Amino acid sequence: MISLTPQVCIMITIVVYLIGMLYIGWSCSKRNRSTDDFYLGGRKLGPFVTAMSAEASDMSSWLLMGLPGVAYLSGVADAGWTAIGLAVGTYINWLIVARRIRHYSSLTNSITLPDFFSKRFHDKKNLLCGISALVILIFFIPYTASGFAACGKLFSTLFGVDYMTAMLVSAAVIVLYCVMGGFLAASTTDFLQSIIMSIALVVILVFGVNVAGGMDAVMDNARSLAGYLSLANVHDAATGTAQPYGVLNACSMLAWGLGYFGMPHILLRFMAIEDANKLKTARRVGSIWVVISMAVAVFIGIVGNAATKAGAVPALEGSASETIIVRFADLLSKYGIFAALVAGLVLAGILASTMSTADSQLLAASSSISQNLMQDFFGVKLSQKATMLVARLTVVVIAAIGIFMARDPNSSVFGIVSFAWAGFGAAFGPVVLFSLFWKRTNRAGALAGMISGGAMIFIWKYLVRPQGGAWGIYELLPAFLVACVFIVVVSLATKAPEQAVVDEFEKAKKMR
């Protein structure tokens, strides 16, 4: 008879969670009859699934690991300004982009973001489609690899199993429900995963405050650390002093919000909602969840620091600070069988936050190859059945590449996350905004903006930012601005869009 140790209880919870994800994939597979169903769910998502799946696919393990970790070490400033930028970016994206791209993509019958760019500008050569598909591959495959690595490291750390084995199992689950259920499965699982993530945050917050000695003890500890609760200063744990948090640093962190306008996996949720009139409800649900979840995540970092001072959890340095929720869950599991099962749910929340991003990235990268490159750009003609087969095989191939890239447990694949976010934000964000709101934008301007924005990410990251000082800002901000300038200048310097393109723009603008 198996003894119900804390580890066994945790394993049971996670296994039940993984089986549930597979069941959803199998259930959704019955509703996939075309590539429109596979990549866009047949535009049948409800407002709650749209909202929560969009935000869950966005947050990834950063919400339950990165954000609390930053707050744990240095206080409110770094984590706070980033969270503010993301919250504002989330709301504005829902407010001004969601409805317009839903109508425009429906009018042009676009099922992917590259497909939308091509049809928006009547690009008969499909250059926009091909280049944007390459951008997705460049930034999404390593991003997906980081998700697989996160799953592998979580299982390996918790249960002492081989990293590669752990990663292969978690990657196999993600691939299976994506291959079976496509976009609908990814969106439905993301919705459930957002609920699990929310439960994990609340449980850890309550438990953490309790083991830290209560709310008064948490706040007293935070006040005792110089600059810890300030948005204008950052706490230096090494010296115990407060360091000024400059305006450039704040702007750099706020710039994270610009990335939302170019995220393919988020924009696809806008395109897939069943009724554009339900976007208002989705906006409210998504925005409120983002604000509350990020605020709780930051506060968990503050609570974690107090819990360390109280001796409840060990002191964490450097990247180890990102495991604060894992440490709390491990401590919780020692309070009996029920507590261990709850701890398993918390850890499933971390797994969910990673899987909810990896599945969306996997599908977006898959569609860029099977749909946008093979069929749209290279003109390969496939039957509906063959198209579905290629779509599923592409998911498997991309996953295999991601697994290969993440095979080293000590690799720095996590560092690609902020870089990939900047890449999409700069290459796609300005093009999306100008495509939706400026009818004078033409194909040449869109191409120039996409290429210049993507190129500037590399230039700023590797040539300019290392100079430090005022040049040390996050590469997304300068690259985004450069792309905007190129779109305007090149569009005005070249031939205006043909009348059919302008008429289509006006028609989409009038849709309500």
Side-chain angles (χ1 to χ4, degrees), residues 93 96-139 258 261-264 267-268 270-271 367-368 371-380 423-460 476-511:
N93 203 28
I96 69 172
V97 172
R99 180 179 293 271
R100 186 66 68 89
I101 201 168
R102 170 61 177 85
H103 287 317
Y104 219 145
S105 63
S106 178
L107 181 65
T108 56
N109 194 30
S110 307
I111 62 173
T112 67
L113 190 60
D115 191 31
F116 168 71
F117 289 145
S118 186
K119 291 177 178 177
R120 159 65 176 87
F121 295 102
H122 293 199
D123 182 12
K124 296 179 178 61
K125 295 182 179 179
N126 280 320
L127 270 177
L128 277 169
C129 190
I131 291 175
S132 53
L134 288 175
V135 169
I136 287 175
L137 289 179
I138 289 170
F139 291 111
L258 294 173
F261 303 123
M263 291 298 130
L267 296 172
L268 281 177
F270 299 161
M271 294 163 62
S367 67
S368 69
Q371 183 69 37
N372 304 131
L373 282 178
M374 285 186 62
Q375 298 189 66
D376 299 335
F377 187 69
F378 291 113
V380 177
F424 287 122
F428 289 160
V431 180
V432 168
L433 292 174
F434 279 94
S435 295
L436 298 176
F437 296 101
W438 191 38
K439 65 182 178 183
R440 181 60 178 80
T441 311
N442 61 16
R443 173 177 169 273
L447 276 170
M450 193 178 296
I451 294 171
S452 63
M456 184 54 66
I457 290 296
F458 287 91
I459 293 170
W460 196 276
L476 173 54
L477 181 57
F480 191 95
L481 295 175
V482 165
C484 289
V485 170
F486 266 83
I487 291 171
V488 173
V489 171
V490 174
S491 291
L492 292 176
T494 52
K495 186 179 178 181
E498 58 188 67
Q499 192 58 43
V501 175
V502 175
D503 290 343
E504 194 172 68
F505 178 92
E506 292 295 345
K507 186 175 181 180
K509 184 179 178 181
K510 292 175 182 176
M511 293 174 74

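In this text the structure is predicted, and so the values were computed from the model without any measurement.
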Point to revise | Pairs touching residues 124-135 that satisfy side chain to side chain donor-acceptor pair (under 3.5 Å), sequence neighbours left out | key: Ser118-Asn126
Review point. Under the side chain to side chain donor-acceptor pair (under 3.5 Å) rule, what pairs show up with a residue in residues 476-493, not counting sequence neighbours?
Key: Asn442-Ser491
Roughly how far, to the nearest 0.5 Å, is the [atom2] atom of [Y] from the [atom1] atom of [X]?
X	Y	atom1	atom2	value
Leu113	Ile101	CG	CD1	6.0 Å
Phe270	Leu267	CZ	CG	6.0 Å
Ile451	Leu128	CD1	CG	8.5 Å

**Study point:** For Phe261, ring-ring contact (aromatic ring centres under 6.0 Å, His included) partners two or more places apart
**Key:**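 Residues passing ring-ring contact (aromatic ring centres under 6.0 Å, His included) with Phe261: none at all.
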Taking side chain to side chain contact (heavy atoms under 4.5 Å, CB included) as the definition, give me every residue that meets it alongside [X], ordered by chain and number, with sequence neighbours left out.
X	answer
Val501	Arg120, His122, Pro497, Glu498
Lys439	Val502, Phe505, Glu506
Val482	Ser452, Met456, Phe486
Thr108	Tyr104, Ser110, Phe116, Lys119, Glu504

Could you report the tightest heavy-atom contact between [X] and [Y], atom names first, then the distance?
X	Y	value
Val490	Ala448	CG2-CB, 3.6 Å
Ile136	Pro114	CD1-CG, 3.7 Å
Gly453	Ala483	CA-CB, 3.8 Å
Leu268	Ile111	CD2-O, 3.7 Å

Just wondering, do [Y] and [X] contact through their side chains at under 4.5 Å, heavy atoms?
X	Y	value
Met450	Phe117	yes
Leu477	Trp460	no
Ile96	Phe437	yes

Review point. What residue pairs, at least two apart or across chains, pass salt bridge (charged side-chain N to carboxylate O under 4.0 Å, His left out) with a residue in residues 440-449?
Key: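 Sorted result for residues 440-449: Asp123-Arg443.
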Practice item. Say whether, by atom type as modelled, one donor and one acceptor occur between the side chain of Thr441 and the main chain of Phe434 under 3.5 angstrom. Key: yes
Review point. Please walk me through it: do Arg99 and Met511 pass side-chain contact (heavy atoms from CB on, under 4.5 Å)?
Key: CA-CA 9 Å; Arg99 180 179 293 271; Met511 293 174 74; over 6 Å; no
